[in-house]
There are 2 protein chains.
Amino acid sequence: MKLFGEIIKEKREEKGLFLRQVSALMELDQAIISKLERQERKASREQVLKFAEIYDLNPDDLIISWRSDKVAYELMNEENAEQILKVAETKVKYLKKK
Amino acid sequence: MKLFGEIIKEKREEKGLFLRQVSALMELDQAIISKLERQERKASREQVLKFAEIYDLNPDDLIISWRSDKVAYELMNEENAEQILKVAETKVKYLKKK
DNA sequence: ACTGATTTGACTATTTTTGTCAAATCAATT
DNA sequence: AATTGATTTGACAAAAATAGTCAAATCAGT
């Protein structure tokens with residue numbers, strides 16, 4: 001189970017690309033990409049999809065990774081994180097119906 | 001399973017308080033409290049704890065309700081919400097260790 | 001030490017969130 | 001249907017969080 005940043009870093013290296021090059025492809029400053037790879041900043045949904053495109057990754061899988069990271073970081077300092085997630089699951093189902 | 005806003009609204013009514021009065025106790029505009037009760041705005045952690053105090057609710061339980069709401073609202077429009085939550089659970093455990 | 005890649009941090013711009021306020025709406029009562 | 005009091009709404013401003021730009025610093029290999 002890898003974090004989003006780890007995935008896009010590994011994939012970039014697999015493809016043998018430099019930040020500079022990805023930067024050009026994404027039209028995004030390389031400093032930011034560096035930060036995304038080290039989980040220092042959160043990507044936007046559009047950026048995630050762009051990464052999926054560039055690196056030939058399944059967009060849904062990448063979105064799941066990105067999103068779950070976000071939730072996990074939000075809750076990592078929370079006392080009852082696990083319980084919160086359980087309750088959230090019920091609530092999501094409930095809210096989706098509405 | 002009630003949403004945070006529903007809980008604080010019900011409790012207020014149980015105690016027979018008007019928004020105006022809660023507003024005074026919380027030192028917070030009644031318009032905002034109205035919005036919190038209808039889930040139109042998100043409370044801050046301090047506000048949640050203040051509510052727990054005023055309404056004699058278990059702070060941890062209220063935090064869980066508030067936090068899980070937040071997560072659920074974030075994910076309610078997400079295709080793979082359930083999977084995201086599952087992965088997030090693993091990641092939380094992993095991040096907590098670090 | 002030199003080169004090229006990555007990381008860092010200061011800065012600005014943009015977006016999002018928060019609270020204030022007054023007016024509008026709603027519900028009950030007369 | 002007019003009055004009263006409670007709640008809701010929406011426009012606005014202040015404050016906080018987030019996003020991107022840039023240049024300099026660091027790092028790794030030769």
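Note on naming: letters A, B, ... go to the chains in the order of the sequence lines (proteins, then strands), and numbering restarts at 1 for each one.
Here B:Lys93 pairs with nothing under the side-chain hydrogen bond (donor to acceptor under 3.5 Å, both in side chains) rule; sequence neighbours left out. Judged as a side-chain contact (heavy atoms from CB on, under 4.5 Å), and not counting sequence neighbours, B:Asn77 has no contacts. Remark: B:Ser65 engages no residue in a side-chain hydrogen bond (donor to acceptor under 3.5 Å, both in side chains) (not counting sequence neighbours). For A:Ser44, the side-chain contact (heavy atoms from CB on, under 4.5 Å) criterion is met by A:Glu46, A:Gln47, not counting sequence neighbours.
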Show me the donor-acceptor pairs, under 3.5 Å and distance only, between side chains in residues 6-19 of chain B and residues at least two apart or in other chains.
{"from": "B:Glu6", "atom 1": "OE1", "to": "B:Leu3", "atom 2": "N", "distance (Å)": "3.0"}
{"from": "B:Lys11", "atom 1": "NZ", "to": "B:Glu14", "atom 2": "OE1", "distance (Å)": "3.3"}
{"from": "B:Arg12", "atom 1": "NE", "to": "B:Glu37", "atom 2": "OE2", "distance (Å)": "2.6"}
{"from": "B:Arg12", "atom 1": "NH1", "to": "B:Leu17", "atom 2": "O", "distance (Å)": "3.0"}
{"from": "B:Arg12", "atom 1": "NH2", "to": "B:Glu37", "atom 2": "OE1", "distance (Å)": "3.0"}
{"from": "B:Lys15", "atom 1": "NZ", "to": "B:Asp56", "atom 2": "OD2", "distance (Å)": "2.6"}

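The residues A:Arg67 and B:Glu79 are annotated as not salt-bridged, no charged nitrogen and carboxylate oxygen being separated by less than 4.0 angstrom. Taking a cutoff of 4.0 Å between a charged side-chain nitrogen and a carboxylate oxygen, A:Glu74 and A:Lys42 do not qualify as a salt bridge.
Atom NZ of A:Lys96 sits in a crowded spot, with more than 12 heavy atoms from other residues, nucleotides or ligands closer than 6.0 Å. The environment of A:Gln39 atom CD is dense: over 12 non-hydrogen atoms of other residues, nucleotides or ligands sit within 6.0 angstrom.
A heavy-atom distance below 4.0 Å to DNA chain C is reached by none of the residues of residues 41-51 of chain A. In the region residues 23-32 of chain A, proximity to DNA chain C at under 4.0 angstrom, judged on heavy atoms, holds for A:Gln30, A:Ala31.
Proximity of B:Tyr73 to A:Lys91: side-chain heavy atoms (C-beta onward) are nowhere separated by under 4.5 Å. For the pair B:Leu95/A:Leu75, no side-chain contact is recorded, criterion being any heavy-atom separation below 4.5 Å from C-beta on.
Each end of the helix from C:dA1-D:dT30 to C:dT30-D:dA1 gets its own rotation axis from five pairs of C1' atoms, and the angle between them is 40° to the nearest 10 degrees.
The distance from atom CD1 of B:Ile33 to atom CG of B:Leu25, rounded to the nearest 0.5 Å, is 8.5 Å. Note: A:Ile64 CD1 to B:Asn80 CG = 4.0 Å, rounded to the nearest 0.5 Å.
Contact footprint of chain B on DNA chain C: nucleotides with an atom under 4.0 Å from a non-hydrogen protein atom, first to last in 5' to 3' order, C:dT18 to C:dC21.
Within the structure, the side chain to side chain donor-acceptor pair (under 3.5 Å) test picks out no pair touching residues 22-32 of chain A (sequence neighbours left out). Residue pairs meeting the ring pair (Phe, Tyr, Trp, His ring centres under 6.0 Å) criterion with at least one member in residues 20-60 of chain B, sequence neighbours excluded, are B:Phe51-B:Tyr55.
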Check nucleotides 3-5 of chain D against the protein and report each pair of N or O atoms closer than 3.5 Å, with its distance, or say if there are none.
none

